[in-house]
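Working notes for the structure below.
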Amino acid sequence: MKESVIKDKSKDFALRIIKMYQYLTSQANNKEYVLSKQVLRSGTSIGANVKEALRGQSRPDFRAKMNIALKEASETEYWLELLYESGYIDESSYTSIINDNRELIKILTMIVKNTV
């Protein structure tokens, strides 16, 4: 059950990240490419690693891939903080997406800790 929850939530999050990237790189006055590319890479990598984990060859392989997804989620949190603190995304957008990111971190942490 948790596996399908994390799979769905990480994919939905990746789609939000893609839309945010499109917005940030298409603004008329304030195009941003460096930070947005970083958050695009790490934010979409979460779901890719979850998907790979679900096809893992063993429990240790599953745990390792989920741990990589967790690390990517933590990195994404950093890039989102920088985008907000530098003024590229407003507070309401930041609050919404960072809450989703932190939910992924909580779920992934629980999966990693409970996989022996």
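What you see below is based on every heavy atom in this structure, not just the backbone, and it leaves out hydrogens, waters and symmetry mates. Not measured: the values here are computed from a predicted model.
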Indicate, with yes or no, if [Y] and [X] share a hydrophobic cluster defined by side-chain heavy-atom contacts under 4.5 Å among Ile, Leu, Val, Met, Phe, Trp and Tyr.
X     : Y     : answer
Leu82 : Tyr23 : yes
Tyr88 : Tyr21 : yes
Ile18 : Ile98 : yes

query = Mind checking what makes ring-ring contact (aromatic ring centres under 6.0 Å, His included) contact with Tyr94, not counting sequence neighbours?
reply = Tyr84

task = Please test Ile97 against Asn101 for side-chain contact (heavy atoms from CB on, under 4.5 Å), starting from the C-alpha separation and ending with a verdict.
result = CA-CA 6 Å; Ile97 202 160; Asn101 182 250; 5.8 Å; no

request  = Measure across Glu32 and Leu83 and return the closest heavy-atom pair with its distance rounded to 0.1 Å.
outcome  = OE1-CD2, 4.2 Å

note = Correct closest heavy-atom pair for Leu40 and Ile17 would be CA-CG2, 3.6 Å

Test of understanding: with side-chain hydrogen bond (donor to acceptor under 3.5 Å, both in side chains), list the residues that count as partners of [X], not counting sequence neighbours.
X      : result
Asp100 : Arg16
Thr44  : none
Ser10  : none
Thr95  : none

request  = Taking salt bridge (charged side-chain N to carboxylate O under 4.0 Å, His left out) as the test, write out the residues that go with Arg102, two or more places apart.
outcome  = Glu77, Glu81

task = Identify, with sequence neighbours excluded, every residue that meets salt bridge (charged side-chain N to carboxylate O under 4.0 Å, His left out) alongside Asp61.
result = Lys65

key: Residue pairs passing the ring-ring contact (aromatic ring centres under 6.0 Å, His included) test where at least one lies in residues 95-115, sequence neighbours excluded   = none

ask   = Does any pair with a residue in residues 96-116 pass ring-ring contact (aromatic ring centres under 6.0 Å, His included), and if so which ones, sequence neighbours excluded?
value = none

key: Residue pairs fulfilling salt bridge (charged side-chain N to carboxylate O under 4.0 Å, His left out) with at least one residue in residues 103-116, sequence neighbours excluded   = Lys9-Glu103

N/O donor to acceptor pairs below 3.5 angstrom from side-chain atoms of residues 69-76, sequence neighbours left out:
unit_1, atom_1, unit_2, atom_2, d
Glu72, OE1, Arg41, NH1, 3.4
Ser74, OG, Leu70, O, 3.3
Glu75, OE1, Arg41, NH2, 3.0
Glu75, OE2, Arg41, NH2, 2.4
Glu75, OE2, Trp79, NE1, 2.9
Thr76, OG1, Ser42, O, 3.4
Thr76, OG1, Ser42, OG, 2.8
Thr76, OG1, Gly43, N, 3.2
Thr76, OG1, Glu72, O, 2.8

ask   = How many angstroms lie between atom CD1 of Ile111 and atom CZ of Phe62, to the nearest 0.5 angstrom?
value = 5.5 Å

task = Give, for atom CG of Leu35 and atom CD of Glu85, the distance between the pair rounded to the nearest 0.5 Å.
result = 11.0 Å

task = Start with the C-alpha gap between Arg59 and Thr115, add the side-chain angles, then the distance that decides, and say whether side-chain contact (heavy atoms from CB on, under 4.5 Å) holds.
result = CA-CA 7 Å; Arg59 297 285 285 169; Thr115 304; 4.1 Å; yes

Can you list, pair by pair, the side-chain donor-acceptor contacts under 3.5 Å of residues 45-57, counting residues two or more places apart and other chains?
unit_1, atom_1, unit_2, atom_2, d
Ser45, OG, Asn49, ND2, 3.0
Asn49, ND2, Ser45, O, 2.9

CA sep, side-chain torsions, deciding dist, call: Met20, Leu80, side-chain contact (heavy atoms from CB on, under 4.5 Å) = CA-CA 10 Å; Met20 186 179 73; Leu80 290 170; 3.5 Å; yes

